[in-house]
2 protein chains.
Amino acid sequence: MEFLQRTGGHFSVEEIYRNVHKAFPSIGLTTVYRTLEVLVEMGLVSRLDFGDGKSRYELSSGSGGTHHHHLCCTGCGRIVDYQEFLEEEKKVIKNIEEALSRKHNFQINEHQIQFLGLCYDCRPKEAK
Amino acid sequence: MEFLQRTGGHFSVEEIYRNVHKAFPSIGLTTVYRTLEVLVEMGLVSRLDFGDGKSRYELSSGSGGTHHHHLCCTGCGRIVDYQEFLEEEKKVIKNIEEALSRKHNFQINEHQIQFLGLCYDCRPKEAK
DNA sequence: TTACTATTGATAATTGTTTTCATTAATATT
DNA sequence: AATATTAATGAAAACAATTATCAATAGTAA
Ligand SMILES: [Mn+2]
Ligand SMILES: [Mn+2]
Ligand SMILES: [Zn+2]
Ligand SMILES: [Zn+2]
């Protein structure tokens, strides 16, 4: 938790392990997996998937993180957090959640929104 | 493609393989992986991730599929497509895309929106 | 026909994650 | 304190989805 709080990033288990292990060399990879699982269950951490084959974790809004969405570069994997348009989004999302909830008899707990594209560096020259 | 068109569902590679292999027993799993990769590149098929550890594929809107978003049950994995509120969503999404694009210098190609929750069957009794 | 190239599928290798299990730490009970 | 009981831990093995390898085959050009 301290590592996620300090860095505020999106990290793979391996990355988290390496970092935590540096400070507490007795801690093993399995414990990192197990602990993350619990933290996600508790709602303190969010598991994310950006399509690179490994889960990533970040501080959830339930534990000091900001509620935000993601902009992902499919070229290099760069992730940009954004929350600027949340106000505008919020209303619509709320509406949709309620309507979907009613219509499909779902209890909606969470949503994930991500925009995929190419960052400036990854764009081909002629598209710049 | 024919299988995805006919069924309109979200299938894992294994599921697609089993089905295609029934009709064309000479086709191997590797070819299914390779072909899906190409189809995704071509924009005819979308790769989705619902967090169950395997990629799923569906017909993309670029090839006859409807543009829609997803409602996912974290209990049983059930997926509901919805598009009812796209009109309302569309405007906001368009705005956000433009603003993000400008601000972060991204070329946005795609977005994914999913709501996570529990379907009626998976909800605990007292929450019904 | 023949030479060359591209595609295929079986198999092996890789990789993120989960399971297993013996060891250790923590807690409860004498 | 001493002992029994239970829970937490990490190393190693097992697992599962995906990717790489490679010999065989199909397709194309000469
Ligand atoms: Mn984030
Ligand atoms: Mn769908
Ligand atoms: Zn990039
Ligand atoms: Zn369900």
Side-chain angles (χ1 to χ4, degrees), chain A residues 1-4 7 9-60 70 72-79 110 112 114 116, chain B residues 1-4 7 9-60 70 72-79 110 112 114 116:
Chain A
M1 282 301 285
E2 199 254 296
F3 169 62
L4 290 178
T7 60
H10 320 87
F11 295 102
S12 68
V13 175
E14 192 63 34
E15 288 167 335
I16 295 172
Y17 167 69
R18 271 207 300 276
N19 216 286
V20 171
H21 188 79
K22 231 187 301 169
F24 303 92
S26 79
I27 281 175
L29 180 60
T30 313
T31 296
V32 175
Y33 269 103
R34 273 191 291 237
T35 306
L36 283 169
E37 192 186 359
V38 173
L39 292 174
V40 169
E41 260 166 34
M42 291 169 66
L44 299 176
V45 168
S46 305
R47 187 209 314 271
L48 305 171
D49 194 300
F50 297 126
D52 63 342
K54 56 194 95 176
S55 301
R56 296 183 169 271
Y57 297 83
E58 74 173 359
L59 212 61
S60 86
H70 295 114
C72 319
C73 177
T74 51
C76 65
R78 184 178 305 186
I79 304 291
E110 206 184 330
Q112 282 189 18
Q114 42 186 271
L116 311 177
Chain B
M1 282 300 286
E2 199 255 295
F3 170 62
L4 290 178
T7 59
H10 322 85
F11 296 101
S12 68
V13 176
E14 192 62 35
E15 288 167 334
I16 295 172
Y17 166 69
R18 272 206 300 275
N19 217 285
V20 171
H21 188 80
K22 231 188 299 168
F24 303 93
S26 79
I27 282 175
L29 181 59
T30 313
T31 296
V32 176
Y33 269 103
R34 273 192 291 236
T35 306
L36 283 169
E37 191 185 1
V38 173
L39 292 173
V40 169
E41 260 166 34
M42 291 170 65
L44 298 176
V45 167
S46 305
R47 188 209 312 271
L48 305 171
D49 194 302
F50 297 127
D52 63 342
K54 58 193 94 176
S55 301
R56 297 185 167 270
Y57 297 83
E58 74 173 359
L59 211 62
S60 86
H70 294 113
C72 317
C73 176
T74 51
C76 65
R78 184 178 305 187
I79 304 293
E110 208 186 328
Q112 282 187 21
Q114 41 185 268
L116 311 177

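In the text below, chain A, chain B and the rest are named by the order of the sequence lines, each starting its count at 1. Below, all heavy atoms of this structure are taken into account, side chains as well, without hydrogens, waters or symmetry copies.
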Using atom [atom1] of [X] as one end and atom [atom2] of [N] as the other, report the distance to the nearest whole Å.
{"X": "A:Tyr57", "N": "C:dG16", "atom1": "OH", "atom2": "C1'", "result": "10 Å"}
{"X": "A:Arg18", "N": "C:dG16", "atom1": "CZ", "atom2": "P", "result": "10 Å"}
{"X": "B:Glu15", "N": "D:dA16", "atom1": "CD", "atom2": "C1'", "result": "15 Å"}
{"X": "B:Leu29", "N": "D:dA16", "atom1": "CG", "atom2": "C1'", "result": "12 Å"}
{"X": "A:Glu37", "N": "C:dG16", "atom1": "CD", "atom2": "P", "result": "18 Å"}
{"X": "B:Leu36", "N": "C:dG9", "atom1": "CG", "atom2": "P", "result": "13 Å"}
{"X": "B:Arg34", "N": "C:dT7", "atom1": "CZ", "atom2": "C1'", "result": "7 Å"}
{"X": "B:Ile27", "N": "C:dT8", "atom1": "CD1", "atom2": "C1'", "result": "10 Å"}

Q. Should A:Ser55 be listed as having a side-chain N or O under 4.0 Å from OP1 or OP2 of C:dT17?
A. yes

Q) When A:Phe11 is tested against each of A:Phe50, A:Phe3, A:Tyr17 for ring-ring contact (aromatic ring centres under 6.0 Å, His included), which residue passes? A) A:Phe3

Q. If every non-hydrogen atom of A:Arg56 is compared with every non-hydrogen atom of A:Glu15, which pair is closest and at what distance?
A. NH1-OE1, 3.3 Å

Would you indicate which nucleotide in [options] comes nearest to any side-chain atom of [X]?
{"X": "A:Lys54", "options": "C:dG9, D:dG10, C:dT17", "answer": "C:dT17"}
{"X": "B:Tyr33", "options": "C:dG16, D:dA20, D:dA17", "answer": "D:dA17"}
{"X": "B:Val13", "options": "D:dT18, D:dG10, D:dA20", "answer": "D:dT18"}

Q: Measure from the side-chain N and O atoms of B:Arg78 to the backbone N and O of B:Cys73, and report whether any donor-acceptor pair falls under 3.5 Å.
A: no

Q | Sugar-phosphate, base or nothing in reach of A:Ser26, heavy atoms under 4.0 Å | A | sugar-phosphate

Q: Run through B:Thr7, B:Leu4, B:Leu48 and flag the one making a side chain to side chain contact (heavy atoms under 4.5 Å, CB included) with B:Glu58.
A: B:Leu48

Q) DNA chain D: B:Asp52 or B:Thr30, which has the more 5' nearest nucleotide? A) B:Asp52

Q.
Quick one, B:Met1 and B:Val45 - any side-chain contact, counting heavy atoms below 4.5 Å?
A. yes

